[in-house]
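A quick note: this is a predicted structure, and the numbers were derived from the prediction, not measured. No hydrogens, no waters, no symmetry mates; every other heavy atom, side chains included, goes into these values.
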Amino acid sequence: MRMSQLFGKTLREQPSDADTESHALLIRAGFVSQLMSGVYSFLPLGNRVRLKIENIIRNEMDSAGAQEILMPALQPLQLWDQSGRSATMGEVLFQLTDRRSRALVLGPTHEEVVTDLLGKFIFSYRDLPLTLYQIQTKFRDEARPRGGLVRVKEFTMKDAYSFDLTDDDLSTSYQTMFDSYEKIFSRCGVPVVPVDADSGAIGGKGSQEFIFLSENGEDTIAQCDNCSYAANLEKAEFLRENFSEEPMLGLEKIETPNSTTIAELSASLGIENRQTAKAVMYMAIPHNGGSEIPILSIVRGDLEISEVKLSNVLGGVNLRPLGEDELLSLGLTPGFMSAVQLESLAQVVADESVITARNLVAGGNQKDWHYKNSNYGRDWEASITADIAEVIAGARCRCCSSGELSLSRGVEMGHIFRVGQRYSDALGVVVQDSTGNSITPTMGCYGIGVGRIFAAASEVGINENGLRWPISIAPYHCSLVALGFDKDESIREDAELLYRELTEAGVEVLFDDRGLRPGVMFNDADLIGNPIRLTVSTRNQKEGMVEVSNRYSDEISHVARDSTVNHIKEEIKVLFDAL
RNA sequence: CGGGGCGUAGCUCAGUCUGGCAGAGCGCUGCUUUUGGGAAGCAGAGGCCCUCGGUUCGAAUCCGAGCGCCCCGACCA
């Protein structure tokens, strides 16, 4: 490709609405352009990167035995009513109507459509296992798009769906996809950490995310420093340590003026946060539109309630925290709440941490009063005891019991789910087994965000001069800069010849034939970030050389003009092998 | 949806407080000089100052409403 013909323009200044450095560079280098909040165009350079990522995914999916299809983005709302997700997905689901007032949605994911499709063609156990995939545009009406390409309303996703007869078979299909994902991320030059995850609105019996660690990420993950345990904070488990083996002391009511927070309370009593019990009130909003149920959740004072865990414990309800006024109107005392003598007012859900702890200070359910020496089982009880606390840094790993968990930020690149029979059940899809019995197939589903790989890869290679792409997804293998192209006939001839030779040898070249000042062309080459840069100039030409600069090794070398093509092919091979 | 910031040339922004000719740099067009790390000069083109309403002799500027973009939070396969 000739730079003189390339659509898109590099910008000298930082775009005002880009927050992260990598996203700012993608805009400055002319890879993407924003149409509106959460919606982007891909310009020729960005589009090449996108297509290369897709082809790596396609290649690995095909190798794993998955078959590519393409399903519609436009779907009948009725299918979503059938699965129950028109209610659970809520406002994220883009809805519209056609000219005959038929209710439609723009697909945010395709479990319903693929299951419906399966039901039309699969009737026998002989047809399974089967894995289908597509690379397609998804639509989600996100409340707040952010982070450039990280959270957007329209995006390209590879989504795959496996169907098996048994859970064991599902595990095999799942593992195949897991392995395939590791290869995909590795080939794209994006390091990821697989973590246990919450399955959210997809549902199912367990899922894993592939997280790209980044300060710009919106997910937090916990990793053990001793064993291989890693999990999304929404899911991460940890050991509750017993801080006290002491015997239960007598319950006392003590005056604690103005101690409405755990910090104030423990400071005024001279105790540690973990010697208190924290009570947080929620309203559980059932999906079926029934009336709200008050939930009193209790954790040890040094911990926080995980709303995701709490919601899961209660069967996936939506939770709404209560404001101070609302608490008062229910007869509760904000800042001084506990489950002691309050079990009748709300369903009490207690974290494991408060079950074994002894003699905690808990709210007195009366302004300016607390209970001292409250103990679970004696002074109060919960209808549910479960893991509803969020991991804190330094917590003990539940997996190996000896390691400590650390927390890091990251972006979810992919998510794989053991979904089970939820959708086959909802849509009535069955196959016959060898004895003629009806079997409901079990499903796995597997997603990768193409745009997120794009964003992550751009962030990995970034340096002070611009982008730096992994060779596998770089828009071009190399930039060819011809100094004096506009003036010097012999430079022109030589650069054109080299361009032709490289192209014919299968090397992808972005040829800067604009004849601008050297600094402009060098800076643009750096900004765009193709891994190798070639320079043809009078100076090099006199020596019979071409200058080769490798953005990964940071080496600048001079290669004989005759052997340039072979040399470049070799450097490209080395870069590919390093991935 | 709550909180904050912003909206003026293609881009980055000044001008708004204190109402009075629509501005700069970059980019773009033409010419001249220049050519190994974002050159210089000369001459140009380019504007619904986000929108609507109000105040005023007069509004980019003040007031009101709305819309859009970004950030924090809520939310989020």
Side-chain angles (χ1 to χ4, degrees), chain A residues 8-20 23-24 27-28 30 33-39 83 85 88-93 107-112 138-148 150-153 155 157-161 197-204 207-209 216 218-219 232 234 285 307-308 311 316 318-321 323 411-417 419 422-423 445-449 452 464-466 481-488 491 512 514-527 533 535-541 547 549 556:
Chain A
K9 198 159 184 43
T10 57
L11 302 175
R12 208 174 279 213
E13 283 172 290
Q14 191 86 348
S16 62
D17 55 3
D19 47 323
T20 64
H23 187 239
I27 295 170
R28 276 188 59 206
S33 174
Q34 184 177 33
L35 175 65
M36 57 187 220
S37 180
V39 180
S83 70
R85 286 210 293 182
T88 54
M89 297 226 36
E91 294 186 312
V92 171
L93 196 60
T109 173
H110 279 67
E111 284 77 15
E112 282 81 356
K138 306 294 185 211
F139 298 88
R140 292 183 189 176
D141 195 358
E142 297 288 355
R144 180 156 90 84
R146 70 180 82 187
V150 168
R151 180 162 295 276
V152 287
K153 295 195 175 203
F155 59 101
M157 177 165 125
K158 186 286 300 175
D159 45 325
Y161 305 90
D198 179 65
S199 353
I202 292 274
S207 74
Q208 286 169 292
E209 291 170 331
N216 301 321
E218 35 177 7
D219 285 291
N232 193 301
E234 295 176 348
I285 310 162
E307 290 186 20
V308 173
S311 161
N318 284 322
L319 293 172
R320 178 173 69 82
V411 181
E412 173 191 0
M413 295 282 113
H415 199 161
I416 59 180
F417 303 78
V419 176
R422 170 173 174 178
Y423 298 95
C445 87
Y446 316 93
I448 290 185
R452 286 187 175 178
E464 66 277 11
N465 296 321
V481 177
L483 301 184
F485 186 86
D486 56 327
K487 289 280 172 12
D488 189 325
I491 288 289
D512 198 336
R514 295 176 298 175
L516 301 176
R517 295 179 67 82
V520 176
M521 295 196 286
F522 286 140
N523 280 317
D524 277 350
D526 289 346
L527 185 59
R533 188 188 73 203
T535 308
V536 171
S537 69
T538 310
R539 186 205 284 174
N540 295 320
Q541 203 179 37
E547 181 184 301
S549 136
I556 297 182

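- Within the 4.0 Å cut-off from OP1 or OP2 of B:C76, not a single side-chain nitrogen or oxygen of A:Arg151 is found.
- Considering only the side chain of A:Asp524, B:G38 comes nearest among B:G37, B:G38, B:U12.
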So which protein N/O to nucleotides 49-51 of chain B N/O distances come out below 3.5 Å?
none

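- Across the P atoms, B:U8 and B:A60 are found 15 Å apart, a figure rounded to whole Å.
- The nearest pair of heavy atoms linking A:Ala18 to A:Ile27 is CB-CD1, 4.1 Å.
- Note that the CG atom of A:Asn465 and the CG atom of A:Asn523 stand 7.5 Å from one another [nearest 0.5 Å].
- With both pairing distances under 3.5 Å, B:C6 is matched to B:G68 as a Watson-Crick or G-U wobble pair.
- One finds a side-chain N or O of A:Arg517 lying less than 4.0 angstrom from the OP1 or OP2 phosphate oxygen of B:A39.
- A salt bridge links A:Glu111 with A:Arg85: the closest approach of a Lys/Arg side-chain nitrogen to an acidic carboxylate oxygen falls below 4.0 angstrom.
- Taking atom C1' in both B:C57 and B:A43, one finds a spacing of 39 Å when rounded to whole Å.
- OP1 or OP2 of B:C70 lies within a sub-4.0 Å distance of a side-chain N or O belonging to A:Ser37.
- For the OP1/OP2 pair of B:A74 and a distance below 4.0 Å, the side-chain nitrogens and oxygens of A:Arg320 include no atom meeting the criterion.
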